[in-house]
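This report concerns only the one structure given below.
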Amino acid sequence: MDLQLQGKRALVTGGSKGIGNAIALQLAREGVDVVIAARGEADLAAAQRDIAAETGRKIVAIAVDTKRDASVKALVEGAVAALGGIDILVNAAAQAGGQAPPPKLVQVTDAVFWDDVDVKVMGYLRTAREVAPHMIAQGWGRIVNVSGLAARQTGSIVGSMRNVAVAALTKNLADELGPKGINVTVVHPGLTRTEKTAPLVAARAASAGVSEAEIEQRQSANILIGRMVEAAEVADIVAFLASPRSVAINGDAIACGGGVKGPIHY
(Lines give C-alpha, C1' and ligand atoms only; values in the text may rest on other atoms or scores of the structure.)
Protein backbone atom coordinates (compact mmCIF):
# COMPACT_ATOMS: atom_id res chain seq x y z
CA MET A 1 0.00 0.00 0.00
CA ASP A 2 1.26 3.44 -0.94
CA LEU A 3 0.67 5.61 2.13
CA GLN A 4 0.92 8.74 -0.02
CA LEU A 5 3.40 10.26 2.42
CA GLN A 6 6.14 11.14 -0.04
CA GLY A 7 7.11 14.80 0.41
CA LYS A 8 5.04 15.36 3.56
CA ARG A 9 6.55 17.30 6.48
CA ALA A 10 6.38 16.06 10.07
CA LEU A 11 7.23 17.21 13.56
CA VAL A 12 7.82 14.39 16.06
CA THR A 13 8.29 15.31 19.70
CA GLY A 14 10.13 12.78 21.84
CA GLY A 15 11.85 11.82 18.60
CA SER A 16 15.32 11.10 19.92
CA LYS A 17 14.56 7.78 21.63
CA GLY A 18 12.06 4.98 22.05
CA ILE A 19 8.72 4.94 20.26
CA GLY A 20 9.11 8.54 19.08
CA ASN A 21 12.41 7.73 17.42
CA ALA A 22 10.94 4.65 15.73
CA ILE A 23 8.06 6.78 14.42
CA ALA A 24 10.40 9.44 13.04
CA LEU A 25 12.45 6.75 11.30
CA GLN A 26 9.41 5.07 9.77
CA LEU A 27 7.97 8.35 8.51
CA ALA A 28 11.32 9.18 6.92
CA ARG A 29 11.39 5.76 5.27
CA GLU A 30 8.01 6.63 3.75
CA GLY A 31 9.46 9.79 2.20
CA VAL A 32 8.65 12.33 4.91
CA ASP A 33 11.01 15.14 5.92
CA VAL A 34 11.05 15.23 9.72
CA VAL A 35 11.88 17.59 12.56
CA ILE A 36 12.66 15.58 15.68
CA ALA A 37 12.41 17.33 19.02
CA ALA A 38 13.39 16.38 22.56
CA ARG A 39 15.23 17.81 25.54
CA GLY A 40 18.59 16.03 25.20
CA GLU A 41 20.68 17.69 22.51
CA ALA A 42 23.28 14.90 22.29
CA ASP A 43 20.65 12.21 21.79
CA LEU A 44 18.86 14.40 19.27
CA ALA A 45 22.03 14.93 17.26
CA ALA A 46 22.74 11.19 17.20
CA ALA A 47 19.17 10.38 16.13
CA GLN A 48 19.29 13.03 13.41
CA ARG A 49 22.49 11.60 11.97
CA ASP A 50 21.22 8.01 12.05
CA ILE A 51 17.81 8.69 10.47
CA ALA A 52 19.22 10.98 7.79
CA ALA A 53 21.94 8.48 6.90
CA GLU A 54 19.48 5.58 6.57
CA THR A 55 16.70 7.36 4.71
CA GLY A 56 18.29 10.24 2.83
CA ARG A 57 15.46 12.53 3.91
CA LYS A 58 15.84 15.99 5.46
CA ILE A 59 15.99 15.43 9.21
CA VAL A 60 16.28 18.42 11.52
CA ALA A 61 16.90 18.26 15.27
CA ILE A 62 15.50 20.99 17.53
CA ALA A 63 15.78 20.89 21.32
CA VAL A 64 12.56 21.62 23.21
CA ASP A 65 11.09 21.59 26.69
CA THR A 66 7.37 20.99 26.12
CA LYS A 67 6.63 22.24 29.65
CA ARG A 68 7.45 25.76 28.48
CA ASP A 69 5.20 27.75 26.14
CA ALA A 70 8.09 29.79 24.76
CA SER A 71 10.11 26.68 23.98
CA VAL A 72 7.20 25.06 22.11
CA LYS A 73 6.54 28.25 20.14
CA ALA A 74 10.20 28.37 19.13
CA LEU A 75 10.11 24.69 18.15
CA VAL A 76 7.15 25.10 15.82
CA GLU A 77 8.53 28.29 14.32
CA GLY A 78 11.84 26.50 13.72
CA ALA A 79 10.13 23.46 12.22
CA VAL A 80 8.06 25.58 9.82
CA ALA A 81 11.15 27.53 8.80
CA ALA A 82 13.18 24.36 8.26
CA LEU A 83 10.56 22.37 6.34
CA GLY A 84 8.40 25.09 4.83
CA GLY A 85 5.36 23.94 6.80
CA ILE A 86 4.01 21.06 8.90
CA ASP A 87 1.61 18.42 7.63
CA ILE A 88 1.97 15.91 10.47
CA LEU A 89 2.43 16.28 14.21
CA VAL A 90 3.26 13.27 16.35
CA ASN A 91 3.22 13.99 20.08
CA ALA A 92 5.42 11.43 21.84
CA ALA A 93 7.37 13.51 24.38
CA ALA A 94 6.58 12.15 27.84
CA GLN A 95 8.13 10.91 31.02
CA ALA A 96 8.90 7.24 30.46
CA GLY A 97 6.66 4.79 32.29
CA GLY A 98 7.40 1.25 33.40
CA GLN A 99 10.93 1.95 34.54
CA ALA A 100 10.00 1.58 38.22
CA PRO A 101 6.92 0.55 40.20
CA PRO A 102 4.31 3.34 39.97
CA PRO A 103 3.88 5.46 43.10
CA LYS A 104 1.12 4.50 45.52
CA LEU A 105 -1.44 7.03 46.74
CA VAL A 106 0.66 8.37 49.63
CA GLN A 107 3.59 8.84 47.24
CA VAL A 108 1.64 10.85 44.66
CA THR A 109 2.67 14.36 45.63
CA ASP A 110 1.55 17.47 43.79
CA ALA A 111 5.00 17.68 42.19
CA VAL A 112 4.94 14.06 40.99
CA PHE A 113 1.51 14.49 39.43
CA TRP A 114 1.92 17.91 37.85
CA ASP A 115 5.40 17.29 36.47
CA ASP A 116 4.17 14.21 34.62
CA VAL A 117 0.92 15.75 33.40
CA ASP A 118 2.60 19.02 32.41
CA VAL A 119 4.87 17.15 30.00
CA LYS A 120 2.47 14.63 28.51
CA VAL A 121 -0.91 16.35 28.56
CA MET A 122 -0.16 20.07 28.53
CA GLY A 123 2.91 19.46 26.38
CA TYR A 124 0.76 17.76 23.76
CA LEU A 125 -1.80 20.56 23.97
CA ARG A 126 0.86 23.27 23.64
CA THR A 127 2.37 21.68 20.56
CA ALA A 128 -0.99 21.04 18.89
CA ARG A 129 -2.05 24.61 19.65
CA GLU A 130 0.99 26.01 17.83
CA VAL A 131 0.82 23.62 14.88
CA ALA A 132 -2.94 23.77 14.24
CA PRO A 133 -3.02 27.23 12.57
CA HIS A 134 -0.53 26.06 9.96
CA MET A 135 -2.61 22.95 9.20
CA ILE A 136 -5.84 24.96 9.12
CA ALA A 137 -4.32 27.41 6.65
CA GLN A 138 -3.43 24.60 4.25
CA GLY A 139 -6.69 22.69 4.82
CA TRP A 140 -5.04 19.37 5.72
CA GLY A 141 -3.16 17.79 8.56
CA ARG A 142 -2.68 14.83 10.84
CA ILE A 143 -2.08 14.88 14.60
CA VAL A 144 -1.25 11.59 16.31
CA ASN A 145 -0.93 11.53 20.10
CA VAL A 146 1.01 8.68 21.70
CA SER A 147 -0.71 7.75 24.97
CA GLY A 148 -0.75 4.25 26.49
CA LEU A 149 -2.85 1.35 27.71
CA ALA A 150 -2.73 2.67 31.27
CA ALA A 151 -5.74 4.67 30.05
CA ARG A 152 -7.72 1.41 30.13
CA GLN A 153 -6.50 -0.19 33.32
CA THR A 154 -5.65 0.52 36.93
CA GLY A 155 -2.27 0.10 38.58
CA SER A 156 -0.80 3.55 38.09
CA ILE A 157 -2.79 6.51 39.37
CA VAL A 158 -0.79 9.11 37.47
CA GLY A 159 -0.29 6.89 34.42
CA SER A 160 -4.01 6.22 34.05
CA MET A 161 -4.98 9.85 34.61
CA ARG A 162 -2.48 11.31 32.16
CA ASN A 163 -3.34 8.80 29.44
CA VAL A 164 -7.09 9.24 29.83
CA ALA A 165 -6.50 12.99 29.59
CA VAL A 166 -4.56 12.53 26.32
CA ALA A 167 -7.48 10.53 24.90
CA ALA A 168 -9.91 13.27 25.95
CA LEU A 169 -7.66 15.92 24.44
CA THR A 170 -7.55 13.95 21.20
CA LYS A 171 -11.32 13.73 20.80
CA ASN A 172 -11.80 17.39 21.60
CA LEU A 173 -9.19 18.38 19.03
CA ALA A 174 -10.75 16.07 16.44
CA ASP A 175 -14.19 17.58 16.93
CA GLU A 176 -12.79 21.09 16.52
CA LEU A 177 -10.27 20.48 13.74
CA GLY A 178 -11.92 17.66 11.77
CA PRO A 179 -14.13 19.97 9.70
CA LYS A 180 -10.96 21.85 8.72
CA GLY A 181 -9.34 18.79 7.13
CA ILE A 182 -7.31 17.69 10.14
CA ASN A 183 -7.57 14.17 11.57
CA VAL A 184 -6.55 13.70 15.20
CA THR A 185 -6.04 10.25 16.68
CA VAL A 186 -4.46 8.64 19.73
CA VAL A 187 -2.53 5.38 19.94
CA HIS A 188 -2.25 3.33 23.12
CA PRO A 189 0.96 1.27 23.17
CA GLY A 190 1.33 -1.34 25.86
CA LEU A 191 4.54 -3.11 26.85
CA THR A 192 6.90 -2.04 24.06
CA ARG A 193 10.51 -2.97 23.38
CA THR A 194 12.80 0.06 23.14
CA GLU A 195 16.47 0.68 23.86
CA LYS A 196 15.64 0.78 27.58
CA THR A 197 14.16 -2.72 27.64
CA ALA A 198 17.29 -4.90 27.68
CA PRO A 199 18.99 -3.30 30.73
CA LEU A 200 15.68 -3.16 32.60
CA VAL A 201 14.97 -6.84 31.95
CA ALA A 202 18.53 -7.76 32.90
CA ALA A 203 18.27 -5.88 36.20
CA ARG A 204 14.96 -7.53 37.08
CA ALA A 205 16.29 -10.96 36.16
CA ALA A 206 19.33 -10.49 38.38
CA SER A 207 17.18 -9.27 41.25
CA ALA A 208 14.77 -12.21 40.96
CA GLY A 209 17.49 -14.80 40.31
CA VAL A 210 15.90 -15.99 37.07
CA SER A 211 16.73 -15.76 33.38
CA GLU A 212 15.97 -12.74 31.25
CA ALA A 213 13.75 -14.97 29.12
CA GLU A 214 11.71 -15.80 32.21
CA ILE A 215 11.24 -12.11 33.01
CA GLU A 216 10.05 -11.38 29.47
CA GLN A 217 7.69 -14.35 29.64
CA ARG A 218 6.19 -13.06 32.88
CA GLN A 219 5.80 -9.56 31.45
CA SER A 220 4.07 -10.91 28.35
CA ALA A 221 1.75 -13.34 30.13
CA ASN A 222 -1.35 -11.23 29.43
CA ILE A 223 -0.42 -10.22 25.87
CA LEU A 224 -2.32 -12.16 23.23
CA ILE A 225 0.58 -12.33 20.76
CA GLY A 226 2.76 -13.82 23.49
CA ARG A 227 5.50 -11.19 23.43
CA MET A 228 6.05 -7.49 23.85
CA VAL A 229 5.46 -5.29 20.83
CA GLU A 230 8.46 -3.75 19.05
CA ALA A 231 8.67 0.05 18.82
CA ALA A 232 8.87 -0.30 15.02
CA GLU A 233 5.51 -2.09 15.05
CA VAL A 234 3.89 0.84 16.85
CA ALA A 235 5.55 3.14 14.32
CA ASP A 236 3.91 1.24 11.45
CA ILE A 237 0.49 2.04 12.88
CA VAL A 238 1.35 5.69 13.46
CA ALA A 239 2.67 6.03 9.90
CA PHE A 240 -0.70 4.88 8.58
CA LEU A 241 -2.60 7.25 10.87
CA ALA A 242 -0.33 10.09 9.73
CA SER A 243 -1.13 9.39 6.09
CA PRO A 244 -3.91 10.52 3.75
CA ARG A 245 -5.07 6.88 3.66
CA SER A 246 -6.34 7.16 7.27
CA VAL A 247 -9.06 9.70 6.46
CA ALA A 248 -11.84 7.44 7.84
CA ILE A 249 -10.32 7.47 11.34
CA ASN A 250 -10.73 10.66 13.33
CA GLY A 251 -11.02 11.24 17.07
CA ASP A 252 -10.53 7.56 17.83
CA ALA A 253 -8.13 5.57 20.01
CA ILE A 254 -6.12 2.71 18.52
CA ALA A 255 -4.66 0.15 20.91
CA CYS A 256 -1.33 -1.30 19.80
CA GLY A 257 -0.23 -3.44 22.71
CA GLY A 258 -0.49 -6.85 21.06
CA GLY A 259 -3.94 -7.49 22.52
CA VAL A 260 -4.89 -7.77 26.18
CA LYS A 261 -6.81 -10.73 27.52
CA GLY A 262 -10.23 -10.09 29.00
CA PRO A 263 -11.68 -6.60 28.50
CA ILE A 264 -13.94 -5.72 25.59
CA HIS A 265 -13.65 -2.18 24.19
CA TYR A 266 -16.29 -1.10 21.73
Side-chain angles (χ1 to χ4, degrees), residues 3-94 119-146 166 169-170 173 177 180-187 235 238-239 241-244:
L3 293 183
Q4 302 172 1
L5 282 168
Q6 187 73 32
K8 295 293 188 186
R9 304 155 299 182
L11 168 59
V12 180
T13 70
S16 64
K17 293 182 179 179
I19 292 173
N21 181 260
I23 292 168
L25 175 59
Q26 186 57 35
L27 288 174
R29 285 172 174 164
E30 293 289 337
V32 179
D33 293 329
V34 184
V35 168
I36 55 173
R39 284 180 292 185
E41 293 188 15
D43 290 331
L44 267 176
Q48 185 273 333
R49 289 193 300 269
D50 291 346
I51 298 173
E54 177 173 335
T55 66
R57 300 305 304 184
K58 183 175 185 178
I59 309 298
V60 179
I62 302 178
V64 67
D65 179 357
T66 59
K67 291 168 64 177
R68 296 176 52 243
D69 282 348
S71 184
V72 173
K73 290 178 185 293
L75 164 65
V76 174
E77 289 173 359
V80 170
L83 302 182
I86 299 175
D87 303 299
I88 299 160
L89 168 64
V90 179
N91 276 315
V119 174
K120 189 160 189 176
V121 183
M122 281 304 302
Y124 285 17
L125 188 153
R126 291 182 186 104
T127 312
R129 186 176 62 205
E130 297 305 316
V131 167
H134 299 279
M135 294 182 175
I136 291 169
Q138 65 198 18
W140 192 92
R142 295 287 184 269
I143 298 174
V144 184
N145 295 321
V146 178
V166 169
L169 169 65
T170 298
L173 292 181
L177 301 177
K180 305 178 190 303
I182 302 164
N183 285 42
V184 190
T185 51
V186 57
V187 294
V238 174
L241 293 173
S243 77

- Message: Before you tell me yes or no, could you show the steps for Arg9 and Ile86 under side-chain contact (heavy atoms from CB on, under 4.5 Å), namely the whole-Å CA-CA distance, both residues' side-chain angles and the distance that decides it to 0.1 Å?
- Response: CA-CA 5 Å; Arg9 304 155 299 182; Ile86 299 175; 5.6 Å; no
- Task: Flag yes if more than 12 heavy atoms outside Gln138 fall under 6.0 Å of its CD atom; otherwise flag no.
- Result: yes
- Salt bridge Asp65-Arg39, side-chain N to carboxylate O under 4.0 Å: no
- Task: Check whether any side-chain heavy atom of Arg126 sits under 4.5 Å from a side-chain heavy atom of Leu75, and report yes or no.
- Result: no
- Report the distance from atom CZ of Arg68 to atom NZ of Lys73, rounding to the nearest 0.5 Å. 12.0 Å
- Note on the structure: Heavy-atom closest pair (Ala132 atom, Ile182 atom, distance to 0.1 Å) is O-CD1, 4.3 Å
- For Leu5 against Val32, the heavy-atom pair lying closest together: O-CG2, 3.5 Å
- Message: Does any part of the side chain of Lys8, heavy atoms only, come nearer than 4.5 Å to the side chain of Pro244, both counted from C-beta?
- Response: yes
- Message: Contact between Asn21 and Ile51 at the side-chain level, heavy atoms closer than 4.5 Å - yes or no?
- Response: yes
- Message: Measuring from atom OG1 of Thr66 to atom CG of Asn91, what distance do you get when rounded to the nearest 0.5 angstrom?
- Response: 8.0 Å
- Within a strict 4.5 Å, meaning less than it, do heavy atoms of the His134 and Val80 side chains meet? yes
- Task: Grab the two heavy atoms, one from Leu11 and one from Ala37, that are nearest each other, plus how far apart they are.
- Result: CD1-CB, 4.3 Å
- Task: State, yes or no, whether a side-chain contact exists between Thr127 and Val64 at a heavy-atom distance under 4.5 Å.
- Result: no
- Message: With a 4.5 Å cut-off on side-chain heavy atoms, are Arg29 and Glu54 touching?
- Response: yes
- Message: Taking Arg57 first and then Asp33, would you say they form a salt bridge - that is, a charged N and a carboxylate O separated by under 4.0 Å?
- Response: yes
- Out of curiosity, Leu3 CG to Gln26 CD, how far, rounded to the nearest 0.5 Å? 8.0 Å
- For Leu27 and Ala239, work out which heavy atoms get closest and say how close. CD2-CA, 4.0 Å
- About how many Å separate CD1 of Ile36 and OG1 of Thr13, when rounded to the nearest 0.5 Å? 11.5 Å
- Query: Taking the side chain as C-beta and beyond, is there a heavy-atom pair between Leu44 and Gln48 under 4.5 Å?
  - Reply: no
- Query: Rounded to the nearest 0.5 Å, how far does CG of Asp87 lie from CD1 of Ile143?
  - Reply: 12.0 Å
- Task: Please name the pair of heavy atoms, one in Gly14 and one in Ala93, separated by the smallest distance, quoted to 0.1 Å.
- Result: N-CB, 3.6 Å
- Message: Can you confirm whether Ile23 sits close enough to Val146 that some side-chain heavy atom of one is under 4.5 Å from a side-chain heavy atom of the other?
- Response: yes
- Val144 and Ala242 have their tightest heavy-atom pair at CG2-N, 4.2 Å
- Query: With no hydrogens and no angle check, is any side-chain donor or acceptor of Arg142 less than 3.5 Å from a backbone partner on Ser243?
  - Reply: yes
- Note on the structure: Here the gap from Leu173 atom CG to Leu125 atom CG, rounded to the nearest 0.5 Å, amounts to 6.5 Å
